[in-house]
Amino acid sequence: MKQIPGGVTAPKGFRAWGVHCGVKSKKADKKDLALILSDQECAAAAVYTMNRVKAAPLYVTMEHLEDGTAWGVAANSGNANACCPMSHEYAEAMSASAAAATGREPGDFVVASTGVIGQTINISAIQAGLPQAAAALSADGSDAAAHAIMTTDTVKKELALACSIGGRTVTLGAIAKGSGMIHPNMGTMLCFVTTDCAITREMLSEALREVVPRTFNRVTVDGDTSTNDMCAVLANGMAGNPLIEWKDDGYTVFLKALRQLCQELARAIAGDGEGASRLITCAVREARSEESAERLAKAVVGSPLVKAAMFGADANWGRVLCAMGYSKAPFRPEYVDISFSSAVGAVAVCRGGMGLDFDEEAARSILSQDEVVIDVHLHEGEHEATCWGCDLTYEYVKINGDYRT
């Protein structure tokens, strides 16, 4: 795999752009409407939030992707278009406007929204903005589109990878947003993946459903799963590789690339958690099963007490063991070893479920870095899982105390 520039427009045949249309903010420098379009029809697949309350754009996208094809994506930030009058009609109007602006059909588009729940969306602003975005569509437009889907994100999330399948270069690109309201089972995040790989809609869906549980569903910021979460992937086949129709060598390479792409974006979302000052990674190793390792790691990165300790650079390993204990995953506490590590070193803090003497100042230095790893060894099996989160800071409360107003 090779990381390359270009984001969502790095694959052949994709163009994108983002504009300010005034969905919420009146600031002209705040882009809030993104459009992505392929030169050819795409095989398409998506996964959605597990929240029982789902926003209208998800239901509209589900309908549009019933045939497994799409041409593009229209997405806005600033308003979730959820739980309010006319939300379904406005989501349909959004796809109709995207179609009119590009010469396609309404059913050709994935539609997505993110922002405040329960407030009627300014559909007229979107209808006015989509022709502007369509007119500016560019093979260099990923940056503009990535900025247009940001809400409380402090940095854009954009990535592209190239690999070789059947002697042809295949490219995958993506943009994503996510900072708060993030929890396993899709969580508020949007991710749009494009690829020029030739792959059937069935294999594309299979790959996405295999990758998401091990990447985006292993991220937690605050324990809240949003109403609008979506990850959609479009494949237009323009790389010219042999069509991937079953789980052959080409599928294996594509799956690996898709997982790497989504994992890096998942890490970026966790590291940019609302108010966060550092990325927290928990790796649970030597577990009885991958499922139990994942459950334990999720409990650790999701614990408010662990997150607060990481903010304070406090090597309070007891909170790690405590979180593991209420995860409902099977393990033997008396076998557990825990250590903290970062770019400046590592410190063992627990062995066999009991505390070790360690240098508190060295530990504080380790825990003060941009990424901290909590390593847990269970000594019970051969399975492992890694999950990602962030610390819990004063800024998180400030951001969410007046998010709506």
Test item: D32 side-chain N/O and N76 main-chain N/O as donor-acceptor pair under 3.5 Å: no
Donor-acceptor under 3.5 Å (D196 side chain, M238 main chain): no
Under 3.5 Å: donor-acceptor pair, side chain of E384, backbone of R285: no
Residue M354 excluded, over 12 heavy atoms near CE under 6.0 Å: no
No-hydrogen, no-angle side-chain donor-acceptor test under 3.5 Å, S205 and R209: yes
Side chains of V233 and F192 in contact at under 4.5 Å (non-hydrogen atoms): no
Validation: residues 288-297 side-chain donor-acceptor distances under 3.5 Å, sequence neighbours left out:
residue : atom : partner : partner atom : Å
R288    : NE   : E380    : OE1          : 2.8
R288    : NH2  : E380    : OE1          : 2.8
S289    : OG   : S292    : N            : 3.1
S289    : OG   : S292    : OG           : 3.1
E290    : OE1  : R214    : NH2          : 3.4
E290    : OE2  : R214    : NE           : 3.0
E290    : OE2  : R218    : NH2          : 2.8
S292    : OG   : S289    : N            : 3.3
S292    : OG   : S289    : O            : 3.0
E294    : OE1  : R218    : NE           : 3.2
E294    : OE1  : R218    : NH2          : 3.0
E294    : OE2  : K298    : NZ           : 2.7
R295    : NH1  : K328    : O            : 3.3

Donor-acceptor pairs under 3.5 Å, side chain of residues 319-327 to any protein atom, not counting sequence neighbours: which ones?
residue : atom : partner : partner atom : Å
R319    : NH1  : L305    : O            : 2.9
S327    : OG   : M324    : O            : 2.7
S327    : OG   : A329    : N            : 3.2

Separation of K54 NZ from T61 OG1 (nearest 0.5 Å): 13.0 Å
Contact list for residues 282-313, test ring pair (Phe, Tyr, Trp, His ring centres under 6.0 Å), sequence neighbours left out: F311-Y394
Spatial distance of atom CD1 (I149) from atom NZ (K31) [nearest 0.5 Å]: 13.0 Å
Salt-bridge contact R278-D391 (side-chain N to carboxylate O under 4.0 Å): yes
Atom CD of E41: over 12 foreign heavy atoms under 6.0 Å: yes
Polar contact flag, side-chain donor to acceptor under 3.5 angstrom, S87-N81: no
Donor on one side chain, acceptor on other, Q263 and T215, under 3.5 Å: no
Pairing residues for E371 by the salt bridge (charged side-chain N to carboxylate O under 4.0 Å, His left out) criterion, not counting sequence neighbours: R267
Test item: D337 and V376 side chains (from C-beta on) under 4.5 Å apart, heavy atoms: no
Any L159 side-chain heavy atom under 4.5 Å of L265 side chain: yes
salt_bridge(R15, D39) N-O dist < 4.0 Å: yes
Sole residue of T281, V306, V301 in side-chain contact (heavy atoms from CB on, under 4.5 Å) with I374: V306
Exceeds 12 heavy-atom contacts within 6.0 angstrom, atom NZ of K30: yes
Residue E382 excluded, over 12 heavy atoms near CD under 6.0 Å: no
H377 NE2 to H379 NE2 distance, which is reported to the nearest 0.5 Å: 6.5 Å
Side-chain donor/acceptor of D153 to backbone N/O of G178, under 3.5 Å: yes
Side chain to side chain donor-acceptor pair (under 3.5 Å) partner of K177, the single match among T152, T114, D272: T114
Return all side-chain donor-acceptor pairs below 3.5 angstrom for residues 338-351, not counting sequence neighbours, or 'none' if the list is empty.
residue : atom : partner : partner atom : Å
S342    : OG   : I366    : O            : 2.8

Within residues 123-134 or reaching into it, pairs that qualify as side chain to side chain donor-acceptor pair (under 3.5 Å) - sequence neighbours excluded: N122-S124
Side chains of Y90 and T120 in contact at under 4.5 Å (non-hydrogen atoms): yes
Other residues, nucleotides, ligands: >12 heavy atoms within 6.0 Å of D67 CG: yes
Residues, nucleotides or ligands: over 12 heavy atoms within 6.0 Å of D359 CG: yes
Heavy-atom side-chain proximity of V47 to L208 below 4.5 angstrom: yes
S303 side-chain N/O to A299 backbone N/O, donor-acceptor pair under 3.5 Å: no
Sub-4.5 Å side-chain heavy-atom contact between D140 and D143: no
